2 protein chains.
Amino acid sequence: MADRNVANLMGRGEGLLFLTDEQLRRGIEAMFFAYRGFTADPDRILQDYGYGRAHHRAIHFINRSQGTTVNNLLSILGVTKQSLNRVLRTLVDDGLVESRVGTRDKRERHLFLTPKGAALERALSEAQRNRMRDAYRAAGPEAVAGFRTVLEQMMNLEMRRHYLDGVDGTK
Amino acid sequence: MADRNVANLMGRGEGLLFLTDEQLRRGIEAMFFAYRGFTADPDRILQDYGYGRAHHRAIHFINRSQGTTVNNLLSILGVTKQSLNRVLRTLVDDGLVESRVGTRDKRERHLFLTPKGAALERALSEAQRNRMRDAYRAAGPEAVAGFRTVLEQMMNLEMRRHYLDGVDGTK
DNA sequence: CAGTTTATGTCAGCCTTGTTGACTTTCCAA
DNA sequence: TTGGAAAGTCAACAAGGCTGACATAAACTG
């Protein structure tokens with residue numbers, strides 16, 4: 001039976017962990033619902049501004065790296081400049097993002113959140129932090145540590161892939 | 001400083017866990033990248049069929065609950081029937097999904113994966129299981145247990161919200 | 001049985017956000 | 001001084017959300 005189709009996870013010490021395909025399937029599904037919940041609150045806030053998730057992503061990464069360039073943002077987000085530009089234009093026009101011509105290299109534009117943009121960022125990230133805290137609180141501190149470890153690994157795997165995509169021509 | 005803005009997580013026993021806003025921000029970001037990586041492999045497979053994530057979701061949930069009705073699927077996915085129908089039509093036309101008229105209630109359509117549909121489902125979920133196993137293996141069994149606990153909590157929070165949305169009129 | 005509700009499907013039109021391709025302007029660096 | 005990188009813009013298109021309107025068949029209800 002496929003029911004006993006198990007994965008042997010040889011971890012870093014601490015013995016073994018066996019997961020059936022069914023357990024992995026439930027993990028996959030949990031990712032789907034968790035992510036949907038994770039974006040639900042910001043989506044509602046953004047609606048009041050007529051913005052979407054693309055705006056949220058731009059705001060998030062500009063906040064994380066104030067003064068980042070457009071090219072930088074492009075490679076992090078992995079979209080085309082036309083897509084990003086459409087979003088950035090509305091954010092600049094609405095006074096949430098400031099685009100300063102570079103001093104060293106005047107071709108570059110350095111992106112900053114205005115006070116208004118920073119306020120929206122705080123509202124968005126606060127909603128997500130609250131959601132995350134709720135889950136953490138319900139799961140307990142020990143589970144949280146494990147969660148963060150696995151999530152970091154998943155992120156690393158993705159960053160590695162993303163990086164390689166940018167280097168070779170396969171894109 | 002906002003740097004020392006900490007969240008006190010009173011867990012189920014086992015003491016306390018303090019997380020700064022910065023740590024929570026990194027968690028939020030990790031979710032973004034992890035989910036992107038999580039959908040990257042299926043996205044590539046789907047491209048060969050001219051399908052998108054919407055098709056993947058339909059296939060996944062039909063596989064999970066063979067014989068489910070259209071209405072059922074609608075409430076799980078949380079999209080409009082017009083959106084879902086567009087996707088289902090192509091899947092039925094392409095012979096991946098079979099739509100059988102209900103026996104007890106002939107208004108209902110029960111959805112099944114054909115062998116061809118089941119094959120695609122296996123390819124998609126295998127890609128995701130592999131990705132998940134890679135992260136699990138790198139993180140170790142103890143972390144995996146915690147990861148699954150927190151993810152379950154995040155899913156539960158979302159399911160609860162989703163359910164309430166359907167019950168009261170707020171939508 | 002008549003009327004209403006439910007389940008499904010479909011048409012038309014709109015929005016966001018992704019894509020490609022072509023082109024311009026600016027300006028650094030060899 | 002000139003080639004090419006960085007940035008921006010225009011146009012066109014596609015996927016996949018949405019709303020609203022409407023059709024049909026089946027089931028339910030008084």
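Just so we're on the same page: letters track the sequence lines, and every chain starts at 1. In this text the structure is predicted, and so the values were computed from the model without any measurement.
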What is the distance, to the nearest angstrom, from the [atom1] atom on [X] to the [atom2] atom on [N]?
| X | N | atom1 | atom2 | result |
| --- | --- | --- | --- | --- |
| B/Gln47 | C/dG18 | CD | C1' | 12 Å |
| A/Tyr51 | C/dC15 | OH | P | 17 Å |
| A/Arg86 | C/dT17 | CZ | C1' | 6 Å |
| B/Tyr49 | D/dA14 | OH | C1' | 21 Å |
| B/Arg109 | D/dT24 | CZ | P | 14 Å |
| B/Leu84 | D/dT19 | CG | C1' | 16 Å |
| A/Leu73 | C/dG18 | CG | P | 12 Å |
| B/Leu74 | D/dG17 | CG | P | 12 Å |

Give a yes/no answer on whether the side chain of [X] brings an N or O atom under 4.0 Å of OP1 or OP2 in [N].
| X | N | result |
| --- | --- | --- |
| A/Arg57 | C/dG18 | yes |
| B/Arg89 | C/dG9 | no |
| B/His55 | D/dA15 | no |
| A/Thr80 | C/dG18 | no |
| B/Asn71 | C/dT6 | no |
| A/Asn85 | D/dA7 | no |

As a test of reading the structure: which of [options] is closest to the side chain of [X], going by heavy atoms?
| X | options | answer |
| --- | --- | --- |
| B/Lys81 | D/dA7, D/dC18, C/dG9 | C/dG9 |
| B/Val70 | C/dG9, D/dA27, C/dC28 | C/dG9 |
| B/Ser99 | C/dG9, C/dG18, D/dT9 | C/dG9 |
| B/Lys106 | D/dA6, C/dC11, D/dA26 | D/dA26 |
| A/Thr69 | D/dG17, D/dA7, D/dA27 | D/dA7 |

What about [X]: does its side chain form a donor-acceptor pair under 3.5 Å with the base of [N]?
| X | N | value |
| --- | --- | --- |
| B/Arg107 | C/dT8 | no |
| B/Gln82 | D/dG20 | yes |
| A/Arg53 | D/dG17 | no |

Next on the checklist: Go through it in stages, so that I can follow the logic: the residues are A/Gln128 and A/Asp41, the test is side-chain contact (heavy atoms from CB on, under 4.5 Å), and I'd like the CA-CA distance, side-chain angles, deciding distance and then a yes or no.
Outcome noted: CA-CA 7 Å; A/Gln128 289 193 307; A/Asp41 293 332; over 6 Å; no
Item to check | Gap separating the CG atom of B/Leu113 from the CD atom of B/Gln66, nearest 0.5 angstrom | outcome: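 Reported value, rounded in 0.5 Å steps: 4.5 Å.
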Next on the checklist: Using 30° and 60° as the class boundaries, would you call the ring planes of B/Tyr35 and B/Phe38 parallel, tilted or perpendicular?
Outcome noted: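 B/Tyr35 and B/Phe38: tilted rings.
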Checklist entry - Between B/Phe147 and A/Phe147, how do the two ring planes meet: parallel, tilted or perpendicular, split at 30° and 60°? => result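 It falls in the parallel class, under 30°.
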Checklist entry - Do B/Gln153 and A/Arg137 have side chains that get closer than 4.5 Å, going by heavy atoms? => result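 Result no, sub-4.5 Å side-chain heavy-atom pair not found.
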Checklist entry - How do B/Asn72 and A/Thr103 order along DNA chain C: which one's closest nucleotide is nearer the 5' end? => result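 Looking at DNA chain C, the more 5' nearest nucleotide goes with B/Asn72.
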Next on the checklist: Tell me if a side-chain donor or acceptor on B/Arg131 pairs with a main-chain N or O of A/Met154 at a distance below 3.5 Å.
Outcome noted: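 No; zero donor-acceptor contacts below 3.5 Å.
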